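Read through the structure below, which is laid out as structure tokens, and then see the notes.
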Amino acid sequence: MGAIFALAIKDLRQLVRDKSSAFFTFVFPLLVAVFFGVIFGGGGGSSKINVVVVNEDGGEAAASFAEDIAGDSSLDVTAAPSRSEGENLVRLGKASACIVIPKGFGAAAGNMFGGGTMKVEGVIDPSRKAEGGLLTGKLNELAFRQMSKTFSDVTKMDKALENAKQSIVASPDVNDSDRMLFSLMFDAIGKVNRTTRQKAQNAAATDGATKEENKSALAGWQPVRVSFQELPAQDNKPRSSFQISFTQGIIWGLMGCVTAFGVSLASERTRGTLMRLTVSPMSRGQILAGKALACFVACLLVQAMLVVFGVLPPFNVRIGQPLLMAVACVASAIGFTGIMMLMAGMSRSEGGGAGMGRALILVLAMIGGGTVPMFFMPPFMQTVSKVSPFSWATTAMEGAIWRGYTIEQMLLPVGVLLGFGAAGFVIGVVSLRWSSDR
Amino acid sequence: MLRLTQLRKSFGALTAVDSLSLEVRRGEVFGLLGPNGAGKSTTIGMAVGLIAPDSGTVELEGVGAPTDAAVRKHLGVAPQSLALYDDLSGEENLKFFGRVYGLASTVLRDRTSAVLEMVGLSPRRKDRVGGYSGGMKRRLNLAVALMHDPPMLLLDEPTAGVDPQSRNNILDLVRQLAGQGRTIIYTTHYMEEASRLCDRVGIIDRGRLLAMGTVSELVASHGGKSVVAVTREGQGEERIETDDPVREIAHVFAAGTVQGVRIDRPDLESVFLSLTGRRLRD
């Protein structure tokens, strides 16, 4: 076993030291993922938060709030006529969140002094949780602006004070003396409001300073209560182009591994080191197992690297079923290790045979979803692509990322990939045996 | 130590080795001398289990046939073509092959240092092999064969294509290894190397072992007589075959004025010429 590990470590070290192989195995797939993601409309270049606004209240305050949201420079806002349509846009990945201004928003805005709390609801893409926090802060800021408008509008302010007075009057929990005191206070505020309207407008200009002075008193208080729910996955469509392009990147990474290790046996033969390995205590099976282990590890590494890059901002690829994704990655690594062994066993030299192997792998990768996403392909091409192991790897990974596959649905692509792995290993060993002079 | 019995190997119509039998004794340096294409490398290939003979057997005394992986641990092979990884350092090459032979990490470290010292590559141990000179690569190629400290070494033309200094280093090293009691099979087409190093020599041509013995035995039995080459004023060179060149020279001087005299004693080249009708380098 030590010899197999030694051979695998040596091969991985050589892969990293060979700049060309390392580039096509680790860097190029990432570039492919980003490139295709952006040109398919990943929106990676925009720093705005993409939101849908649904105004269920329909009143003046709600319309004003919706207008403030739409006018905010950090938000890219689309209006939707209904909550379900707004949620669907999030589900399709066309928006990070759906903000719903529910019925009663206007009433709450007009009764701020009487305990009314403006509420905003909505759903958010779970992969955009970080943006959800920013969005909550942004909505609070806009609600402050809403309050400011109320305070600077004498009529609205009077109405709010009147509502507050009525609430106090109607409340059974307030005793008569308190009720009188509150009533006097609201009257006095109303008087100040009306007589110092001009001053209030001037004060609005120095609003920031006033807020700073009252910071401790306002700390922890939010003018609007925002509640976001994570949207449950509906996985029959990709939510962002990066969900597709990172799968494509993985395909290119697997191709890099297969071509890099597929020629390594031919390379060992050419430089004479295969002869040296063959006269060592290693058997042919162990030599191939060492090559296989190196390829398997490289396949896993390149997939893990792309998945990690994918889930991080700005790509925010949501892996619908992480466990199934892990299964898909391991099955793909096994499948493509088998393909590598087939190629290695049949390549006589680094030139001819290996060159043909590379060309074949390239074609299989292209028809297997490496360049054009499989669901963009015409039906007959999708059928043809079944001959390609890359197609099965794509299916398994998409199943885990956005197709919402069940374990039963995952069995077929995973089984086919394992079959490719087993067949490749057997054919590779037999080919090496035939090619040996021993 | 190593017994090859009636080995035969053909590649298509070409018979590379034909009914070759020989026995290499424990602790000796055995030279396999023959021109390029004589069948030396094929013989070595069969001896180490790399090439399966069409017929015949190979046996490492008391251990078994080298087709068995465990038996191959007793053999160290330095192939004629350099078998190294250019993108690894000298030290990494040695450690890798040491691990392939199952050396534990402490032994691996000690053996790597010892072997690098032995072949004079310690100062360049961290450098990539791609940057080594031809002679350095040859020495490292030999060093790899020594990593697992095998009792038997098969060195296939270990001085091929190296400069005279590296060649002398390698020959000194082989002598040093022989002094440690290792059994060595050394193939070469340089008769002077065979003469300098080998306790016994087998002469091979067209896949057949033509003669085997110590250098003096071969010369005595196949080398023919010594030749006294005499040059006289106004005449060409006269070559006189004789069993007693000293007495012949005395006769030559007694017969008249002589411009120059040279004695050509028989050597392995003459042995080869006598056995095959061709020169080694033809």
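What you are looking at is a predicted structure, and each value in this text was computed from that prediction instead of being measured. Residue numbering restarts at 1 for every chain, and letters A, B, ... go by the order of the sequence lines.
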In Å and rounded to the nearest 0.5 Å, what is the OG to CZ distance from Ser81(B) to Arg271(A)?
12.0 Å
In terms of heavy-atom pairs under 4.5 Å with chain A, the winner among Glu92(B), Lys73(B), Lys95(B) is Glu92(B)
Flag the pair Tyr85(B) / Asp11(A) as yes when at least one side-chain heavy-atom distance between them is below 4.5 Å, and no otherwise.
no
Minimal heavy-atom distance between Gly272(A) and Ala83(B), with the atoms involved, is O-CB, 3.4 Å
For the CZ atom of Arg13(A) and the OG atom of Ser89(B), what is their distance to the nearest 0.5 Å?
8.0 Å
Can you establish whether the number of heavy atoms outside Leu312(A) located under 6.0 Å from its atom CG is more than 12?
yes
Atom CD of Gln165(B) with >12 non-hydrogen neighbours under 6.0 angstrom
no
Using side-chain heavy atoms (C-beta onward) and a distance below 4.5 Å, is Arg72(B) in contact with Met282(A)?
no
Give the member of Val71(B), Asp86(B), Asn141(B), Leu82(B) that has the highest number of heavy-atom pairs under 4.5 Å with chain A.
Asn141(B)
So do the side chains of Thr273(A) and Leu84(B) get within less than 4.5 Å of each other, counting heavy atoms only?
no
On the ring face of Phe97(B), is Arg276(A) found with NZ or CZ under 6.0 Å from the centre and within 45° of the axis?
yes
Look at atom CD of Gln176(B) and say whether more than 12 heavy atoms of other residues, nucleotides or ligands are closer to it than 6.0 Å.
yes
Does any N or O in the side chain of Arg99(B) come within less than 3.5 Å of the main-chain N or O of Ala6(A), such that one atom is a donor and the other an acceptor?
no
Mind checking the OG-CE spacing from Ser280(A) to Met147(B)? Nearest 0.5 Å is all I need.
13.5 Å
Check the surroundings of atom CE in Met305(A): do more than 12 heavy atoms from other residues, nucleotides or ligands lie under 6.0 Å from it?
yes
Checked Arg17(A), Gln286(A), Gln14(A) vs chain B; the most non-hydrogen pairs under 4.5 Å come from Arg17(A)
